[in-house]
Amino acid sequence: MAERRYDPQEIEPRWQALWARERTWEVSNEPTESRTDGLRALNSYILEMLPYPSGEPHIGHLKVYSVGDAIAHFHRRLGARVLHPMGYDAFGLPAENHAIKTGVQPRVSTDESIESFQRQFRRWGISIDWSREFATCEPSYYRWTQWIFLELFRAGLAYRREAAVKWCPKDQTVLANEQVDADGCCERCGALVEVKQLEQWFLRITDYAERLLGDLDTIEWPEHVKTMQRNWIGRSEGAEVIFRCEDLDPTHPVDYPVFTTRPDTLFGATFFVMAPEHPDIMRLAEGTPNEQAVHDYVNHALNEPNEERGNADKPKTGVALGRTVTNPVNGEQIPMYVADYVLMEYGTGAIMAVPAHDERDYEFARAFDLPVRRVIFPPNAHDSVEAAPGEDGGVGGLPYVGDGTLVNSHPDFDGMPNREAIGAIVAWLDREGKGHASVNYRLRDWLVSRQRYWGTPIPILYCERCGMVPVPEEQLPVELPEIEDYTPKGRSPLAAAELWVNTTCPQCGGPARRETDTMDTFVDSSWYFLRYCDARNEQAAWGPAALRQWMPVDQYIGGVEHAILHLMYARFFTKALADLGHLDFQEPFQALFTQGMVTKDGAKMSKSRGNVVSPASIIERVGADTARAYILFVGPPEQDADWSDEGVEGVHRFLSRLWRLAADTADQAGAPNADLSVPSAPQGADLELLRKAHWAIDKVSGDLRRFTFNTAIAAVMELINDSSRLRDAVAPETLRFALATAASVLFPFAPHVSADAYDMLTGERVWEQPWPQAEESMLERDQYELVCQVNGKVRDRVQASSDAAPHELKELCRAAPNVMAHVDGKEIVKEIVVPGKLVNLVVR
RNA sequence: GCGGCGGUGGCGGAACGGUAGACGCGGGGCCCUCAAAAGGCCCUGUCCGGAAGGGCGUGUGGGUUCGAUUCCCACCCGCCGCACCA
């Protein structure tokens, strides 16, 4: 017989053409009949994070879609109707920067990239429902992004206020944080970046902090991702305390609230610090001898790069404002300072400083020679509370941030454990109207406006008479105009499109100007999973019936680098849209899987390192099946994996072997035969191979549920190794069954070769076959190798019958030759029997 | 600093508290071949031994257990996230 060779370059396009021709992976939104056995939901929504189309897909894309496709195929063959769509997160800076450099319009270069991604995904054989494909830069998509924005605007969840943004004085443009390098310079021109106050759009995600935190308990996400989100939200319990300033005008005192997690230390507050960004700073300093110094300090602090300013090791700096505030608990006048260690974004932008019990305040007090007053006495630190005056209370070790007993405070609280004092002092503040219990979050509102061209236009108009006016829904989308020059000139490039900017007010008909900022691309990707459910709907962003079929996403898959931003924003959108009556669920992604990075020689792939492995070149050499199976075989998918060309060859050999065995076996059988029945009472090699096949079914099924694809593929390798070894010792139908089984369970990982092998053997389409079931009887053995231990060490192995009673197993073990040698007259004090596994004799 | 994850052969990695190292790579030997490629078979943690067999081995030190890579405590190292968050 002619030598047949595994040729992925022939096999793969052939099956891809069939799947494309028959639109095999498309699904409808028709309601599924309700299922009577109640076993499983009939619909399953498997989604990988949509790609940002730039150049060619990289190896990370190959990994995420290989993982997702395996799950999608598995669910299909378990009987589910699976939604597995694809789209492109197509707005963004790189396309725009490319345009600035080359003059090629972002739309043109983006479309090129999208085409290349489409080609690759088809070439990889990913089972995508192409009928639902879209790119977020298409007006038919961003029309609904704009609609959502307006919904949020009407609900008060989108608002405008002044905010500090990064500004490059040379390029005359606002910069995204990512465009500022580590030295605080513009990544394009190298000029020192400044901070500028500009009107910006925000989304009120902070309103959802509590729910975003609480609902993490309702979803099946990796614990570390939940932890990152919890940390990002950063919930702290404490109190808001009011410090009154009467210095400016005693008849009109100003109240400055501060947030503190330690109201128990209030009596130790010896000064008061405000952030340089605090709007009252200059007003407070005005007319004091320090006015100029304060002015200089604020200017300097505001222009300092975040990385530098945020460095906790930096010595504390600041300037006295020359004013005082009143400590509400004891009426003391304490001096006010401005210092850059206080952040405007957190809490109220002002703090009470308790140097004795806070490291930062302590450092500042040291630098400025301010009083330090201990108000917490450590436990077990001898002596009575009264005998502890002076700076450190005679105990030393300041600042002290631990728990203890209150001292130097007030007779009502002195002697109280500080944990208890927190409640007592807050209650007192509350009664006096000087404060109240409060919860504070680290999470800040989401700044969504970008002074950029290549993004979704914000659908707002400014009318001279009516002010800010939302674009009426029937006028959506506000389309991005074609422009000539993408170079920023101190405002969004859109501002130069005068014809587009100038329009009429829908309310009064008078002249109006369009908002020229565009939206952060994270807005686009915060709802795309909803659009897939009803991607061709021109009347609405989605129909409720379509959503009911699919949402929430059953399994979401993507890189851990999106653990915070994208996943938080998508959750926020879902909750906000649910509150507005557009959705009837609270969480978009029921289960999440985060896959690890693919590295080369232990390092992240990058052009500058020259270690980039391109999927296209791999596939050209060994085919898509090998590339996909290898990337899943190399290790657990949630871990980082190092690409090895030798490892790829190993997987290629395995697929090659599988295919050749199937081809030879099919040739011998003459014609494909759908009948896969096996000898009725198999013995010897037949039994061994059939058992192996059923073991493999069981192993792969479990591994697919656990996402341990590496061991699933290893199990199929074992089955193929055994099939090869036993090929001449078993009945032809046994071998056929073993190989068809291997092809069947390998299909989710290497679809083309599996489909081809299955077809050669049976003439059937493997993806139309139900997932195989392992037969219980084939998983059991009537004989097994009993491990014989003496004092926990393996000394022998003997054959035991599966139905042997414990006492029989003990006998077998005691009789094993090498066990006897180790027992040798010693006393057996205990015998542990684990049926099916081992016997352990404890001797003395 | 806080939080999370992880440390197993030459390498990637397997092991419901029960035979440590499945599977693959790499390495060695052999078969096929005029030769090569491709393929096939065998060996491959380490030390002692001819072999049988035995000692030692999952970052370090303790503990629980008949038995620990697995559970508990302390520590060391590495990676990731957050970081002057009041």
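Remember, predicted model here, so these are calculated numbers, not experimental data. Letters A, B, ... mirror the listed sequences (proteins, then strands); counts begin at 1.
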Where the side chain of [X] is concerned, which of [options] is the nearest nucleotide?
| X | options | answer |
| --- | --- | --- |
| A:V342 | B:A86, B:C82, B:A20 | B:A86 |
| A:Y346 | B:A20, B:C85, B:G12 | B:C85 |
| A:K837 | B:A86, B:G18, B:G12 | B:G18 |
| A:Q639 | B:G54, B:G81, B:G13 | B:G13 |
| A:H822 | B:A83, B:G53, B:A86 | B:G53 |
| A:L343 | B:G81, B:A86, B:U19 | B:A86 |
| A:R795 | B:G54, B:G39, B:A14 | B:G54 |

Run the ring-centre check on [X] versus [Y] and record whether the distance is less than 6.0 Å.
| X | Y | answer |
| --- | --- | --- |
| A:Y630 | A:H652 | no |
| A:F593 | A:W221 | no |
| A:H357 | A:Y362 | no |
| A:F368 | A:F271 | no |

Give me, pair by pair, the N or O atoms of the protein and of nucleotides 41-49 of chain B that are less than 3.5 Å apart, along with how far apart they are.
none

Tell which nucleotide pairs with [N], taking only Watson-Crick or G-U wobble pairs whose two distances are both under 3.5 angstrom.
| N | answer |
| --- | --- |
| B:G1 | B:C82 |
| B:C56 | B:G45 |
| B:G17 | none |

With rounding to whole Å, what would you report as the distance between [N] and [M] at their [atom1] atoms?
| N | M | atom1 | value |
| --- | --- | --- | --- |
| B:U70 | B:C84 | C1' | 41 Å |
| B:C47 | B:C2 | P | 43 Å |
| B:U64 | B:G54 | C1' | 29 Å |
| B:C72 | B:G18 | P | 15 Å |
| B:G63 | B:C79 | C1' | 29 Å |
| B:C42 | B:G7 | C1' | 34 Å |

Indicate yes or no: does [X] engage [Y] in a salt bridge with an N to O separation below 4.0 Å.
| X | Y | value |
| --- | --- | --- |
| A:E210 | A:R235 | yes |
| A:R373 | A:E332 | yes |
| A:K837 | A:E785 | no |

Checklist line | Donor-acceptor side-chain pairing of A:Y297 and A:T317 below 3.5 angstrom | finding: yes
Notebook entry, point to check: Do A:K316's NZ or CZ and the ring of A:F364 fall within the cation-pi criteria of under 6.0 Å and 45°?
Noted result: no
Notebook entry, point to check: Among residues 698-714 of chain A, which residues get a heavy atom nearer than 4.0 Å to RNA chain B?
Noted result: A:N710, A:T711, A:A714
Next item on the list: Run the numbers on A:Y346 and A:S236 for side-chain contact (heavy atoms from CB on, under 4.5 Å), then give the verdict.
Entry: CA-CA 11 Å; A:Y346 187 77; A:S236 310; 3.2 Å; yes
What integer distance in Å separates [X]:[atom1] from [N]:[atom2]?
| X | N | atom1 | atom2 | result |
| --- | --- | --- | --- | --- |
| A:E718 | B:A22 | CD | P | 10 Å |
| A:R360 | B:G1 | CZ | C1' | 11 Å |
| A:K316 | B:A86 | NZ | C1' | 12 Å |
| A:K226 | B:G4 | NZ | C1' | 14 Å |

Item checked: A:R230 side-chain N/O to B:G81 phosphate OP1/OP2 under 4.0 Å -> no
Check: With respect to the phosphate group of B:G24, does any side-chain polar atom (N or O) of A:H652 fall under 4.0 Å of OP1 or OP2?
Finding: no
Item checked: ring-ring contact (aromatic ring centres under 6.0 Å, His included) involving A:F259 - partner list, sequence neighbours excluded -> none
Pull out every protein N or O sitting under 3.5 Å from an N or O of nucleotides 26-28 of chain B, one pair per line with the distance.
none

Item checked: Residues forming a salt bridge (Lys or Arg N to Asp or Glu O under 4.0 Å) with A:D403, sequence neighbours excluded -> A:R419
Next item on the list: I would like to know whether A:D640 and A:T599 meet side chain to side chain donor-acceptor pair (under 3.5 Å); could you show each step before the answer?
Entry: CA-CA 7 Å; A:D640 288 353; A:T599 58; over 6 Å; no
Nucleotide N/O to protein N/O under 3.5 Å, stretch nucleotides 63-67 of chain B:
| residue | atom | partner | partner atom | Å |
| --- | --- | --- | --- | --- |
| B:C66 | OP1 | A:K830 | NZ | 3.2 |
| B:C66 | O2' | A:N840 | ND2 | 3.4 |
| B:C66 | O2 | A:N840 | ND2 | 2.5 |

